[in-house]
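Below is one structure, written out as structure tokens, with a few remarks after it.
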Amino acid sequence: MRRYIQLHEQVKVPVLKNIIYAVKLIWQADKKLMLGYLVDQLSVKLFSLFIQNILFLKVLLSVIDGDGEFIHYVKYLAIFLVCSGLTKACQWYGEYTQKYATKRVLKNLNNKIFEKALSLDVNCYENPEFYDKYQRATLVLTYGYFDVLTYNLCAVLGSVISFICVITTVTVIDPTYLLFLLPVIFVFAIELTKSKLVYKRDLEMTKNNRVKAYIQRTVFLKDYSKDMRTSNIFLVLMKRFDAAIMSNIQILRQYGVKLFLYSMVSSAFSEFIPIIGTYSYAAYRFINTDDMSISGFSVVLSSINSVRMATLDIADGFENINQMALYFQNLRDFFDYEPEVVSGEREVGDFESLEFRNVSFRYPSAQDYSLKKINLKIERGQTVAVVGINGAGKSTLVKLLLRFYDVSEGEILYNGINIKEYNLSRYREKFATVFQDYKNFAISVFENVICRNCDENDKKLAEKALRQSGAWEKISTFANGGDTVLTREFEKDGAGLSGGESQKVSTARLFAKDFELAVLDEPSSALDPIAEYKMYENLIKATENKTVLYISHRLSSAVLSDNIFVLKDGQVIESGTHSSLMAKGGEYCNMFTLQSSSYRKEVEDE
């Protein structure tokens with residue numbers, strides 16, 4: 001399977017395979033959606049296009065012509081009423097089934113997409129092409145394309161069956177009429193080409209639509225509200241928003257004339273030629289021959305109208321099906337994506353050591369290496385600090401350690417074995433992590449800390465962790481305490497936190513977890529020096545006899561570390577204890593001296 005599919009390749013997709021794939025996907029999600037539409041559309045199409053417009057009309061006109069008895073008409077009328085009642089019952093059942101099945105399919109497919117998204121490599125989120133593909137994949141759910149596809153498949157099937165019944169009736173009257181219906185065949189080829197053109201148009205609009213969606217979302221987010229009101233950034237965003245709209249207008253104009261011409265040709269083959277031809281021939285027979293009765297003439301005209309309606313329904317449904325099949329290609333590509341970071345099978349034992357051996361790494365879209373020939377080792381029970389200025393490669397090291405990316409060169413060894421051999425989820429469970437770009441979610445504080453639905457014991461554990469991180473002092477002031485939902489986006493009783501308070505809540509996850517190795521990537525970046533000192537005090541207590549890896553440009557975490565590695569430009573330029581590095585008078589000594597003077601100045605200013 002290909003990891004990525006180029007955008008221009010997606011216009012040429014296997015439509016039939018995609019339809020079969022979509023039907024299987026929908027059937028597995030909830031088969032009642034397909035059954036509901038089948039019952040609805042088969043009964044409605046057959047009744048309206050054949051039973052009502054042809055059979056009942058033929059019986060009625062036969063009585064008027066004197067070829068039938070009134071008692072027969074009454075019998076057929078009773079049958080017609082029964083058929084009408086059954087059709088309404090089938091329609092009601094179908095609509096009732098569809099209503100609930102649609103929600104179940106939406107839920108099941110959403111869950112499937114969420115599960116797949118969770119398995120994706122981190123580098124997917126840094127790839128614009130993948131984002132475009134992901135957005136087009138979610139359109140299947142956002143706009144209910146799975147529902148549109150199911151409806152049109154069943155509608156086409158109902159129209160085809162009705163079409164066959166009507167054509168059979170016309171053939172019995174006079175096979176010559178079939179000649180005037182042959183152009184209908186070309187309609188399907190035209191609509192297929194047209195649907196691909198529509199998809200290609202929408203494909204070109206994807207990036208613009210993503211820009212629009214980003215700006216629409218940004219304007220309403222609290223995170224950006226202050227900058228919006230204290231700068232001209234809103235005007236910059238609106239300029240991009242307007243540009244995206246104008247670009248879409250140009251794309252619509254570019255394809256508009258072609259789509260109009262295709263529609264005109266399709267109408268000529270589906271309506272003009274069949275109707276003019278059959279009406280003319282029927283009128284000729286009625287006027288110049290003796291074998292065409294009024295009832296026969298009327299039935300022919302009604303049949304041709306039914307054929308026209310069935311043809312239009314089939315052509316329209318066929319166009320929609322083809323278009324939906326093209327969109328399902330994106331969903332199929334999304335589900336078929338194979339992660340580059342693949343789990344091994346080896347079980348993960350208790351932590352003993354972790355080693356970077358000649359590790360180099362370059363991001364997929366980058367020219368230069370972010371890390372070069374990194375060698376470092378962490379033993380059980382050690383406290384290790386990796387320090388350096390921003391951009392030195394510290395966070396990249398964490399991403400490799402947790403296998404968000406795999407190394408470009410060299411290897412990372414856990415207990416002497418390459419980490420690629422271990423079960424990925426079990427391996428990551430060995431770590432307690434606090435990330436630099438920490439995130440809290442719109443759920444309760446306790447749930448943010450424990451990361452699952454909390455019972456009373458979980459809440460006690462979360463409260464203890466919040467006390468250790470220094471967040472409880474603030475959380476305890478909320479009316480609902482730790483049960484308070486963070487942000488007011490969904491709850492009017494929700495609460496907002498400052499950057500430092502949010503980081504403390506995020507850090508509390510580490511205190512609440514039973515771990516073997518703690519990885520702290522800039523755990524105090526949003527804290528003032530005093531709060532930072534208190535947090536590190538608690539971290540030292542909580543991680544006693546544990547293995548700890550500090551990643552920071554602040555050196556307060558490095559002082560008590562057993563070993564310090566100094567990164568610069570992606571390379572380890574110094575290593576040793578705090579005292580040995582200070583005595584050396586190198587990069588670490590310069591950084592520590594500068595930061596110490598800054599901290600003293602902050603305290604004096606206070």
Side-chain angles (χ1 to χ4, degrees), residues 5 7 9-38 40-41 94-95 97-117 130-159 188 191-210 212-213 248 251-252 255 259 313-337:
I5 296 180
L7 299 184
E9 292 177 353
Q10 293 187 19
V11 179
K12 300 178 181 179
V13 297
V15 173
L16 182 59
K17 286 185 178 180
N18 283 350
I19 292 172
I20 294 172
Y21 172 81
V23 169
K24 286 182 178 178
L25 201 63
I26 295 167
W27 184 265
Q28 290 169 358
D30 194 330
K31 59 179 70 71
K32 288 184 179 179
L33 182 64
M34 185 72 69
L35 295 175
Y37 274 122
L38 273 174
D40 179 13
Q41 291 301 307
E95 290 175 353
T97 304
Q98 298 153 23
K99 181 178 179 181
Y100 293 98
T102 297
K103 296 184 185 303
R104 288 192 290 268
V105 172
L106 182 63
K107 174 180 176 295
N108 291 335
L109 291 184
N110 256 323
N111 289 345
K112 193 175 176 70
I113 286 179
F114 293 157
E115 289 170 6
K116 185 65 181 181
F130 183 85
Y131 262 121
D132 286 341
K133 183 179 293 296
Y134 175 73
Q135 186 192 46
R136 291 194 300 276
T138 56
L139 288 178
V140 172
L141 304 182
T142 305
Y143 294 130
Y145 286 164
F146 66 91
D147 198 52
V148 174
L149 177 70
T150 308
Y151 166 79
N152 279 283
L153 277 172
C154 297
V156 166
L157 181 59
S159 296
F188 303 116
E191 292 298 333
L192 175 61
T193 305
K194 182 182 171 184
S195 66
K196 288 185 177 181
L197 198 63
V198 169
Y199 178 78
K200 188 177 179 181
R201 178 199 67 191
D202 292 347
L203 195 66
E204 291 187 21
M205 294 169 66
T206 299
K207 182 178 179 180
N208 294 326
N209 290 335
R210 193 155 60 84
K212 285 166 51 186
N248 276 349
I251 293 170
L252 290 171
Y255 287 92
L259 291 172
D313 286 346
I314 294 169
D316 186 54
F318 193 63
E319 177 190 359
N320 289 333
I321 289 169
N322 276 279
Q323 194 170 341
M324 294 305 102
L326 292 169
Y327 280 104
F328 265 92
Q329 178 70 48
N330 295 294
L331 190 63
R332 188 176 181 182
D333 290 343
F334 180 72
F335 284 139
D336 285 348
Y337 171 80

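Just so it is clear, the values below take in all heavy atoms, side chains as well, and ignore hydrogens, waters and symmetry mates. Small disclaimer: the values here were computed from a predicted structure and weren't measured. Sequential numbering from 1 along the given sequence is applied to the chain's residues.
Pairs of residues two or more places apart, or lying in two chains, that qualify as side chain to side chain donor-acceptor pair (under 3.5 Å) and include a residue from residues 144-158 are Tyr37-Asp147, Thr102-Asp147, Asn152-Asn320.
Remark: Lys212 NZ is packed, more than 12 non-hydrogen atoms of other residues, nucleotides or ligands lying under 6.0 Å away. Residue-environment remark: NZ (Lys207) stays at or below the threshold of 12 foreign heavy atoms within 6.0 Å.
Atom CG of Asp30 is separated from atom CG of Leu35 by 9.0 Å, given to the nearest 0.5 angstrom. Within the model, atoms CG of Leu38 and CG of Leu33 stand 9.5 Å from one another, a figure rounded to the nearest 0.5 Å. Residue Met34 holds its CE atom at 6.0 Å from CG of Leu153, rounded to the nearest 0.5 Å. For the atom pair Trp27 CH2 and Ile20 CD1, the distance stands at 15.0 Å (nearest 0.5 Å).
Nearest heavy-atom pair, Glu204 versus Ile251, reported as atom, atom and distance to 0.1 Å: O-CD1, 3.5 Å. Heavy-atom minimum distance, Phe335 versus Tyr21: CD1-OH, 3.2 Å. Of all the heavy atoms in Thr97 and Lys32, the pair that sits closest is CG2-O, 3.2 Å. Of all non-hydrogen atoms in Ala22 and Leu149, the two that sit nearest each other are CB-CD2, 3.2 Å. Listed here is the closest heavy atom pair of Cys154 and Gln41: O-CB, 3.6 Å.
Counting heavy atoms from C-beta outward, Phe146 and Leu331 have side chains that stay 4.5 Å or more apart. Residues Leu109 and Ile113 are not in side-chain contact: their nearest non-hydrogen atoms beyond the backbone lie 4.5 Å or more apart. Inter-residue side-chain proximity for Val105 and Leu25 is flagged as unmet; no heavy-atom pair is nearer than 4.5 Å. For the pair Val198 and Leu259, the minimum side-chain heavy-atom distance is below 4.5 Å. Residues Met205 and Leu252 have side chains in contact (heavy-atom distance under 4.5 Å, counting atoms from C-beta outward).
Residues Asn209 and Asn248 have side chains that bring a donor and an acceptor to within less than 3.5 angstrom of each other. Between the side chains of Glu115 and Asn111, not a single donor N or O lies within less than 3.5 Å of an accepting N or O.
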